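One structure is given below, encoded as structure tokens.
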Amino acid sequence: MQLNLPARPPFSFSSVVRSHGWMQLAPFILDQDSGDLRYAHQLASGRVVDLLLQAAPGGEGVRVKTGADLDKAEAAEVARKVGWMLGLDMDFSTFYARARRTPKLAQAEAEARGRVLRSATFFEDTVKTILTTNTSWAGTIRMVGTLVEQFGAPLPDEPERRAFPTPGRLAQSDVATLRNETRLGYRAPYVLELAQAEAGGELDLEAYKTNDLPTPELRKALLAIKGVGPYAAANLLMLLGRYDYLPVDSWALKVVSHEWHAGEPIDPAEVEAAFEDWGQWKGLAFWFWDWDYKWDYKDEETA
DNA sequence: GGTAGACCTGGACGC
DNA sequence: GCGTCCAGGTCTACC
């Protein structure tokens with residue numbers, strides 16, 4: 001079965017996929033040669049499907065292929081989820097108008113930068129974000145991979161590949177297993193607590209995708225999640241399309257320091273100050289800035 | 001409100 | 001091979 005989904009121009013499938021490191025995290029698999037992205041996903045019905053995402057001919061959208069025969073409701077769910085993951089209808093025209101006048105962002109529109117790859121559910125993105133904190137990128141890849149391997153539902157025709165675990169499945173686990181076998185370390189209780197809250201209905205992360213709370217209030221709600229601090233909240237807000245806060249981590253301190261402070265140690269306030277006048281586009285300007293300092297997470301992975 | 005120390009893991013390094 | 005140190009954000013207790 002095949003779906004062709006249009007995107008608001010400008011759109012580049014490759015730009016979205018390579019917007020950050022998510023395509024290296026299970027259950028995503030990126031084919032480096034073709035640029036195609038595979039994603040195992042468990043639908044609301046419980047069925048696990050393999051989605052092959054690729055640039056549509058002409059580059060104006062995305063083509064979704066799956067070996068599964070989807071009924072009407074399942075096809076609509078896949079279209080909705082993929083639309084969210086790739087931000088197909090997002091509009092960056094205001095950002096581009098400003099970026100055109102900024103040499104370090106001059107290519108943003110031509111390269112269709114702005115969209116960042118997201119997981120199918122905000123629960124998945126929240127867990128993944130917690131697993132990026134206080135560890136190396138290789139550690140994040142390992143933890144997410146093990147979590148999917150141990151708790152994800154398998155694809156019927158390819159059982160070694162699994163979907164990201166549902167909150168309900170993770171909620172049935174326990175801290176000792178997550179800590180010692182999944183090797184999440186001290187993050188184990190955070191992930192378990194999050195899964196239990198989501199599965200029990202005390203939390204509805206999926207609703208965060210569409211709610212219209214002012215960003216500071218949404219941030220406050222995210223900060224109330226154990227394991228989510230200022231960096232993780234800003235990262236999650238970016239994934240929700242809110243760019244008013246910067247995800248200041250050690251990488252941010254490094255690139256800003258080399259860009260404007262001759263490599264001298266700086267504090268988070270100086271990172272914020274560097275992008276203060278970008279207002280609601282702060283996060284995007286920061287994320288797609290053409291830094292002088294070229295180190296990024298990929299260096300660590302291939303080191 | 002600000003700060004110090006603890007939390008885990010894996011990699012680098014010295015022996 | 002073993003032990004030690006360090007980097008990576010967040011939480012909690014304390015001032």
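Because the structure is predicted, anything quoted here is derived from the model rather than measured. Lettering of chains follows the sequences in order, A, B, ..., and the numbering in each one begins at 1.
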>> I'd like to check the side-chain hydrogen bond (donor to acceptor under 3.5 Å, both in side chains) partners of A:Glu111; sequence neighbours left out, ordered by chain and number.
In response: A:Arg113
>> Just the rounded figure in Å: distance from P of B:dG11 to CE of A:Met143.
In response: 12 Å
> Residues sharing A:Val48's hydrophobic cluster, by side-chain heavy-atom contacts under 4.5 Å among ILVMFWY, directly or via others?
Replying inline: A:Leu155
>> Check the phosphate of B:dG10 against A:Arg183, side-chain N and O only, distance under 4.0 Å to OP1 or OP2. Yes or no?
In response: yes
> Within the structure shown, what part of the strands sits under 4.0 Å from A:Ile225 by heavy-atom distance: base, sugar-phosphate, or nothing?
Replying inline: sugar-phosphate
> Mind checking what makes ring pair (Phe, Tyr, Trp, His ring centres under 6.0 Å) contact with A:Phe28, not counting sequence neighbours?
Replying inline: A:Tyr39
>> Judged by each residue's nearest nucleotide on DNA chain C, which is more toward the 5′ side, A:Ser250 or A:Lys226?
In response: A:Ser250
> In whole angstroms, how far is the P atom of B:dT9 from the OH atom of A:Tyr186?
Replying inline: 10 Å
> Considering residues at least two apart in sequence or located in another chain, which fulfil the salt bridge (Lys or Arg N to Asp or Glu O under 4.0 Å) criterion with A:Glu149?
Replying inline: none
> Hey, where on DNA chain C does chain A first and last touch, going 5' to 3'? Cut-off is any atom under 4.0 Å from a heavy atom.
Replying inline: C:dG8 to C:dT12
>> Restricting to side-chain hydrogen bond (donor to acceptor under 3.5 Å, both in side chains), what partner residues turn up for A:Arg161, sequence neighbours left out?
In response: A:Asp50, A:Glu158
> So, for A:Trp287 and A:Trp251, is the gap between ring centers shorter than 6.0 Å?
Replying inline: yes
>> Between P on B:dA6 and CZ on A:Arg187, what's the gap in Å once rounded to a whole number?
In response: 18 Å
